[in-house]
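Taking it in order: structure first as structure tokens, then the write-up.
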Amino acid sequence: MTDDKLKKITVALAGNPNCGKTSVFNMLTGARCHVANYPGTTVEVEEGLCHHDDFRITVVDLPGTYGLTTFSAEELVARNFLLDHKPDVVVDVIDSSNVERNLYLAIQLIEMDVPLVLCFNMSDVALQRGIVFDIARLSQLLETPIVQTIGSKSQGREALLDAIAAVANKSAKPQSHLITYGDEIEKSLSVIEQIIHSDHPELAEKYGPGWLAVKLLEQDGDILSKVKSKRLIEAINDAISKLKTIFRDEPEIVIADKRYGFISGACQETVKNTVELRHTTSDLADAVLTHRVFGLPIFLLMMYLVFYLTFTIAAYPMAWLESLFGWMSASIGSLWPAGGGIWLRSLIIDGVIPGVGGVLVFLPNILILFMAIAILEDSGYMARAAFIMDRLMHKIGLHGKSFIPMLIGFGCSIPAIMATRILENKRSRLTTIMILPLMSCGARLTIYGLLIPAFFPQNWRGPVLWIIYLTGIVLAIIAAKVFRLTIFRGEASDFVMELPPYRVPTSKSILIHTWIRGWMYLKKAGTIILAFSIVLWAAMNYPRLDPQYVTGLSPDEVRQAQLANSIVGRLGHAIEPVIRPLGFDWKIGAALIGATPAKELFVSQLGIIYAVSSHDDSSAMPTLRQNLRADYSPLVGFCIMLFCLLTFPCVATLAVTRSETGSWRWVALQVFYLTALAYIVTLVVYQAGTILGI
Ligand code: GDP
Ligand code: MG
């Protein structure tokens, strides 16, 4: 073939110092090289030639670097060469005996979206040290081809050239988004990206907006000096100072931590060190916490501890709040004499205070649970939990990464469903969204918070709560498996479980995380729940009974009759035949109907029903519990919790499912299958419990 028929490409070799880069260069070029000067680069680079298939390949040996920041002249040269001269293929030479360290550069190259081949050099040394790779899997996780070589013995030359040719022949791949930097950072990144698009289209064109945004958050001097837009600079400074208060660290450090976490997760899965023992504290902790056998029991114990603390610590502030609301309605009741048809008094005492107060009482529970989740997240343990679950999750056709939204689901399904965006595979994502409502959310905790102390003695409370949560998890697993075998059949995609370094969480970050979620709960109490408390109060007091029917009855009997005649009473009675087999009566039926907009409303609803029909006017929680205990058995109490856990989620969750999946079809499926599941499971438990005489 004549020379001009050949496709001319440039291949740049990058790599850490002493990774054997020059040996690989010599292997490719036969050690024939000359020094070349590229415009714009101050350091001279070695350049050589080789041929493969119909390629005429110019190979450039870049200076060895650990990263692509602007800390050293070498790094800047290497980076500018990649950015300005855009080589057709970049080969990152990696010392296989020290991959974790070497992959840091690889991650940065992947983030730059350069056409990349990873050359795992020194594979003889790795072998000697007993390091074994699952190359196929690692290559999948990094979305990059990997070739193993021994540069000093020219082994692997053909394979490396084949890989180079394959990458050169491939058209540009879609932008990779290997690492997610977490909500706060991602949010800042997308703000910065948008401004780059509008204010600096030329930079976006040249470097890619995603990479630029990361570099700007990292306060990369070279890139910053190219930015002219004032608006962009302000946005960057804003983002950095915001992130600094959250993480108490430069965003740069947090981003680097994320990269190391990603690498460490990928290596944990694909690199086996059969001879050498790893020895850092983080590795030691991981050896225990992600242990094949002990990992899962430790995780279950950890969750148990969280629920136990949620109940024991929260009991005190909860009691204060209960007496506060009791005192409020009692004092309003005595200041504002009854009678005379003052409906506003009834609305406040029987509607608003028990409705909103009944929900607010659980704020301590919610805050403690959220705080525990935040601590587990920030310390790095959550990632380990997801890692442990990864093996199990694979069995049900999902990935460990699905477990992160599921954990968030213990707080609230809405952010959890949004968090499924980290799952790129559509089927995995839909499956996860479908099963997420089975993760018992904070709102449902209010129901347990009311019912568990009502029906179970002190030392049973923790275990019962734990069983409820576990039931949700187990059913979610079964449901996921069924979905993956039926409507969402298909391959699960690959993800790296990131293992960030363990760190002591900053109090600021925990408080912020707890507060954001707690505030959402408070807002709900002040808006939706207030509104529905009023609506429910009206639905329980209207239509009014004609006074002539109630003459001669005691005040209590009048109220009972009024309630039975009301809209809620009638609806409750209407569905009673259907829910009878579950052990529920019309009052529970009415409360279930009332809880459709938000799960907490179940509690407010019961509060209102009993405030209306109970003997004394104060609606303090202990009285409500006494009433419940008088009316139902612990088995029914348990069945109520089970049904509330399993049945379809609140309206807000359904709305998010609609917006995230883009179809009402999935909303309908969610409503239908969850309601069916709730009915069947509760039916079985109640009937079995009755037969067994529980
Ligand atoms: P550079 O600094 O990355 O350019 O590394 P060099 O190519 O100069 O290699 C550093 C040392 O590692 C030299 O002594 C090489 O002979 C040796 N070396 C390079 N590749 C390999 C390999 O695959 N296996 C072994 N055992 N030694 C290698
Ligand atoms: Mg060299």
Side-chain angles (χ1 to χ4, degrees), residues 10-38 41-50 52 57-69 71-82 87 89-109 114 116-135 138-139 144-164 263 267 270-276:
T10 306
V11 171
L13 296 185
N16 289 11
N18 290 318
C19 60
K21 200 157 46 60
T22 303
S23 305
V24 171
F25 178 84
N26 290 338
M27 169 175 93
L28 291 173
T29 58
R32 277 188 302 275
C33 64
H34 59 270
V35 172
N37 269 310
Y38 281 85
T41 49
T42 47
V43 178
E44 295 161 333
V45 292
E46 310 237 292
E47 194 187 84
L49 255 190
C50 75
H52 184 69
I57 305 171
T58 306
V59 186
V60 179
D61 191 7
L62 296 175
T65 63
Y66 290 106
L68 287 175
T69 51
F71 289 138
S72 69
E74 287 80 15
E75 300 200 357
L76 197 55
V77 169
R79 188 169 99 180
N80 284 344
F81 185 88
L82 299 176
V89 179
V90 178
V91 173
D92 179 12
V93 182
I94 280 169
D95 173 357
S96 306
S97 63
N98 195 3
V99 261
E100 288 212 22
R101 179 169 193 188
N102 279 246
L103 278 176
Y104 192 72
L105 175 66
I107 294 294
Q108 292 184 304
L109 290 168
V114 297
L116 188 65
V117 173
L118 297 182
C119 170
F120 273 41
N121 193 41
M122 308 256 185
S123 42
D124 54 335
V125 182
L127 195 68
Q128 258 169 31
R129 297 206 188 151
I131 305 170
V132 181
F133 299 93
D134 183 346
I135 289 288
L138 187 55
S139 161
T144 309
I146 300 177
V147 180
Q148 288 183 290
T149 59
I150 305 172
S152 51
K153 293 187 197 144
S154 282
Q155 277 182 28
R157 182 177 190 268
E158 285 305 301
L160 181 57
L161 284 168
D162 284 342
I164 290 171
I263 292 169
C267 289
T270 57
V271 183
K272 295 239 158 16
N273 210 334
T274 53
V275 177
E276 259 180 313

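For clarity, every value in this text was computed on a predicted model and none was experimentally measured. All residue numbers refer to positions in the sequence shown, counting from 1. In each ligand, atom 1 is the first atom listed, and ligand 1 is the first ligand listed.
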Which one of [options] satisfies the side chain to side chain contact (heavy atoms under 4.5 Å, CB included) criterion with [X]?
X	options	result
P87	V11, V114, L82	L82
C119	L28, V91, I94	V91
S97	D124, N102, V125	V125

Stepwise ring-ring contact (aromatic ring centres under 6.0 Å, His included) check, Y104 with Y66
CA-CA 7 Å; Y104 192 72; Y66 290 106; 9.9 Å; no

Atom indices of ligand 1 within 4.0 angstrom of [X] heavy atoms, with elements:
X	value
I150	22 (C), 23 (O), 24 (N)
D124	22 (C), 23 (O), 24 (N), 25 (C), 26 (N)
N18	1 (P), 2 (O), 3 (O), 5 (O)

Using non-hydrogen atoms of the residue, decide whether C19 is closer than 4.0 angstrom to ligand 1.
yes

For S152 and S23, work out which heavy atoms get closest and say how close.
N-CB, 4.1 Å

With a 4.0 Å heavy-atom cut-off (strictly under), which part of T22 contacts ligand 1: side chain, backbone, both or neither?
both

Within this structure, what is the CD1-CE distance for the pair I150 and M27, rounded to the nearest 0.5 Å?
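One gets 10.0 Å once the value is rounded to the nearest 0.5 Å.
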
Flag V125 as yes when one of its N or O atoms lies below 3.5 Å from any N or O atom of ligand 1, and as no otherwise.
no

Hey, does P17 come in under 3.5 Å of ligand 1, counting only N/O atoms on both sides?
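For ligand 1, there is no N or O atom that lies under 3.5 Å from one belonging to P17.
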
